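Read the structure below first, then the notes.
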2 protein chains.
Amino acid sequence: MRRPATLASLAAELGVSRTTVSNAYNRPDQLSPELRRRVLETARRLGYPGPDPVARSLRTRKAGAVGLLLTENLSYAFRDTHALTFLEGLALACEDAGQGLLMVPANPEREDVAAVHRAGVDGFVVYSVPDDDPHLAAVLERPVPTVVCDQPELDTVDRVGIDDQLAITHLARHLLDLGHRRIGVVCMRLARDRNDGFVSLDRQQAAHFHVQRARLAGLAATFSAAGVDWTQVPVVERFDHTTASGESAAAQILDRDPGITALICTSDILALGALTEARRRGLRVPHDLTVTGFDGIPEADRAGLTTVRQPVLEKGRAAGKLLFDTHEHSRPRTVTLATELVVGTTATVPRGQDDRWFGP
Amino acid sequence: MRRPATLASLAAELGVSRTTVSNAYNRPDQLSPELRRRVLETARRLGYPGPDPVARSLRTRKAGAVGLLLTENLSYAFRDTHALTFLEGLALACEDAGQGLLMVPANPEREDVAAVHRAGVDGFVVYSVPDDDPHLAAVLERPVPTVVCDQPELDTVDRVGIDDQLAITHLARHLLDLGHRRIGVVCMRLARDRNDGFVSLDRQQAAHFHVQRARLAGLAATFSAAGVDWTQVPVVERFDHTTASGESAAAQILDRDPGITALICTSDILALGALTEARRRGLRVPHDLTVTGFDGIPEADRAGLTTVRQPVLEKGRAAGKLLFDTHEHSRPRTVTLATELVVGTTATVPRGQDDRWFGP
DNA sequence: TGTAAAGACCGTAACGGTACAGAACCATTT
DNA sequence: AAATGGTTCTGTACCGTTACGGTCTTTACA
């Protein structure tokens, strides 16, 4: 496991210059085939493993890899459908470009940004971290191109995302058209601190996760415009993004306000949990309770969830493409992908309004 | 995005040595708090982003990351349950060690090994690649510690795995005990070339994927010992690891040999496909046809599959631990994890033998 | 035969840091 | 007054490579 030989020692052994040995590996056309053969053979004999990648990176200023920063523990990324799909898209772009993908271990608990500083990469992709995350700050300080995804726009970096506010506005209008006025909302974590429970207006507006803030803002604006008093709408937050969270959050809202006719969840995972809780309570969806999600994951499709579909794989791929596309351009660039309202079977007119609504 | 300042220019600006600036970042106790404050403030003023990670890696000979080599396209890793679980385990170990995880883009189609050479990592984990894979060879040439998983033992590197042959022997004996003598086998790819169809004895024995070879060998040995003529056992291979492959492979075997009483699949994914195909043909499992898998993925559990459970997450974690554990030891080390025969509801006595078997 | 072009190889100067040994300074101790 | 020890800072020697701008030799062609 030692590194016995270097390019220099090889050159000395062969009686040629270091440049020539380097060329044997990187520019075969720059030396005679015969000499190249000798170089490679001697390399084999001395156990020289070829040019050291780190030294090469230092000299060429290219690492051949992009760093990925996630808000969660590394291992979490491999459990979350949504994150996985994004990663798959990003990986596709990396493959095309022949670039490696370095997953940076950014423990959200500790504020240890050393891992960001140590990452030898040509660029970063930052996926859905809170806007006050110290790891994000550390990335932004690094003098490499960066693409953020599902983040607010920043002056200095490219961005990929959807128009969360617009997308959920369509959903909200759909529910309003159906006649819903008494609603509850289940959302994902809004900040780095855990707050499993009802969310104050302040916290909603100060949310550090762009995506959640935008969705709540879209809901608030749309329902307010329709005459719903948003301050009276129960909004429950869950730190962990699991179906279990969706269940308990739905329970919390239904306990406090059994009169609501629709439960709007800001993710499909949460919505699937809400469905489970509704079933447990003997509420028929959608007849007794309308439930909606957001994301358009396959499981939601199977469950017939009314939701908003977003192209997650495309987001990953677009992020990679932005990073690898080094054409002239004026930064920052923004790619906003299209979303689609998916009308499933979990939303209908509120109970008791069937006739009134469609009547004369 | 330029890198305007370096440690040297900072030092010049401040009128101190480069060492002192370096210490301000890496050894705060080596200089007075006052000077350190000045250094960091000047750094901010000049836009110095802190020591360059690549240069640091060159000097310290530490990259702070491990490379991961997979047999598949990068993006595939994010789609396969089994690979994901392994990755999750590996990621856990990486987190604990504060190391990054670099996914090396090793396209199995092209023989382009450059990505392996360019990877600035402190070690490699190689997961289930064929033993003649050029990327594997390239990794072995690199002077860094390496752990292989689901591979045959190699002289120079550590290994993590299970005893595939022993594990499937237990399964085979279970089926023999139930009375099965006429069986068919569905296996995953055995080499780098695509061969979707029946597998010759030669190809079975020359398989380049250790795991598959060991499992086939275990089956051959066990059934032969019980008097079954292995040369007459239909073995069908599928290149793609999908349930669709399982379906078509099962069909291929059942078409050729409708008389078999058990279909042994070397993975749960394939077995789940086989179940689908059996259902399509109106065969009741296990009454008309016994189907078994291997791996113990959650979906198999849900389907009640009779299978062998292996600790995939643990494999990943163990691989990481081996890599990070730098204690004195004599290489190569081997970690062999335990497996467990899971008796589900998809295997029973062969049709027509019910009485004979349990009778007097 | 002269001259340009091409081919093969080389020397030097970075790339941006950290390790290590030691120097300068000051306050205590002997 | 000399020795001791701790703190703070410095100088030099690398880490292993590639970029760049040469030189020298050979070949091609008029």
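Just so it is clear, the structure is predicted and the values come from calculations on it, not from any experiment. Chain A is the first sequence line, chain B the second, and so forth, proteins listed ahead of strands; every chain is numbered from 1.
Distance alone, capped at 3.5 Å, places no donor-acceptor pair between the B:Ser22 side chain and the B:Arg18 backbone. Not a single donor-acceptor pair under 3.5 Å links the side chain of A:Asp158 to the backbone N or O of A:Val147.
Direction change of the helix axis from one end of the helix from C:dT1-D:dA30 to C:dT30-D:dA1 to the other is 40°, with five pairs defining each end axis (rounded to 10°).
Every residue two or more places apart in sequence or in another chain that forms a ring pair (Phe, Tyr, Trp, His ring centres under 6.0 Å) with B:Tyr127 is listed here: B:Phe86. Remark: B:Asp155 engages no residue in a salt bridge (Lys or Arg N to Asp or Glu O under 4.0 Å) (not counting sequence neighbours). Annotation: side chain to side chain donor-acceptor pair (under 3.5 Å) contacts of A:Arg36 (sequence neighbours excluded): none. By the salt bridge (Lys or Arg N to Asp or Glu O under 4.0 Å) test, A:Glu88 is found to be paired with B:Arg79, residues two or more places apart in sequence or in another chain being considered. B:Phe324 meets the ring pair (Phe, Tyr, Trp, His ring centres under 6.0 Å) test with no other residue; sequence neighbours excluded.
Per the geometry, CZ belonging to B:Arg61 stands 17 Å off P belonging to C:dG17, to the nearest Å. Distance B:Arg27 CZ to D:dT10 C1': 15 Å, rounded to the nearest Å. Atoms CG (B:Leu31) and P (D:dT10) sit 10 Å apart, rounded to a whole Å. To the nearest angstrom, P of D:dT23 lies 17 Å from CD of A:Gln30. As a whole-Å value, the separation of A:Leu7 CG from D:dG16 C1' is 8 Å. In this structure, CG of A:Leu58 is placed 10 Å from C1' of D:dT18, rounded to the nearest angstrom. One interatomic measurement links the two molecules: NZ of A:Lys62 to C1' of D:dT18, which rounds to 13 Å at whole-angstrom precision. When rounded to the nearest whole Å, the span between CG of A:Asp52 and C1' of D:dG16 equals 6 Å.
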Got a list of side-chain donor-acceptor pairs under 3.5 Å for residues 39-47 of chain B, not counting sequence neighbours?
from	atom 1	to	atom 2	distance (Å)
B:Glu41	OE1	B:Arg37	NH1	3.3
B:Thr42	OG1	B:Arg38	O	2.7
B:Arg45	NH2	B:Glu13	OE2	3.4

Would you be so kind as to tabulate the donor-acceptor pairs closer than 3.5 Å made by side chains of residues 102-115 of chain B, with sequence neighbours excluded?
from	atom 1	to	atom 2	distance (Å)
B:Asn107	OD1	B:Glu109	N	2.8
B:Glu111	OE2	B:Arg192	NH1	2.9
B:Asp112	OD1	B:Ala114	N	3.1

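For DNA chain C, no neighbouring residue in residues 112-124 of chain B is found when judged by any heavy atom under 4.0 Å. A heavy-atom distance below 4.0 Å to DNA chain D is reached by these residues of residues 10-26 of chain A, ordered by number: A:Arg18, A:Thr19, A:Ser22, A:Asn26. Only B:Leu35, listed by number, bring a heavy atom of residues 34-47 of chain B to less than 4.0 angstrom from any atom of DNA chain D.
Between A:Tyr48 and A:Tyr25, the ring planes are perpendicular. Angles over 60° get that label, and only those under 30° would be called parallel.
When distances are taken from the side chain of A:Arg59 to each of C:dG17, C:dC9, C:dA13, the shortest belongs to C:dA13. Looking at the side chain of A:Ser32, the nearest of the listed nucleotides D:dT17, C:dA19, C:dC9 is C:dC9.
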Under-3.5 Å N/O pairs linking protein and nucleotides 22-26 of chain C:
none

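Contact record, A:Gly161 with A:Lys315: CA-CD, 4.1 Å, taken as the closest heavy-atom pair.
Remark: A:Arg56 is in phosphate contact with D:dT18, judged by side-chain N or O atoms under 4.0 Å from OP1 or OP2.
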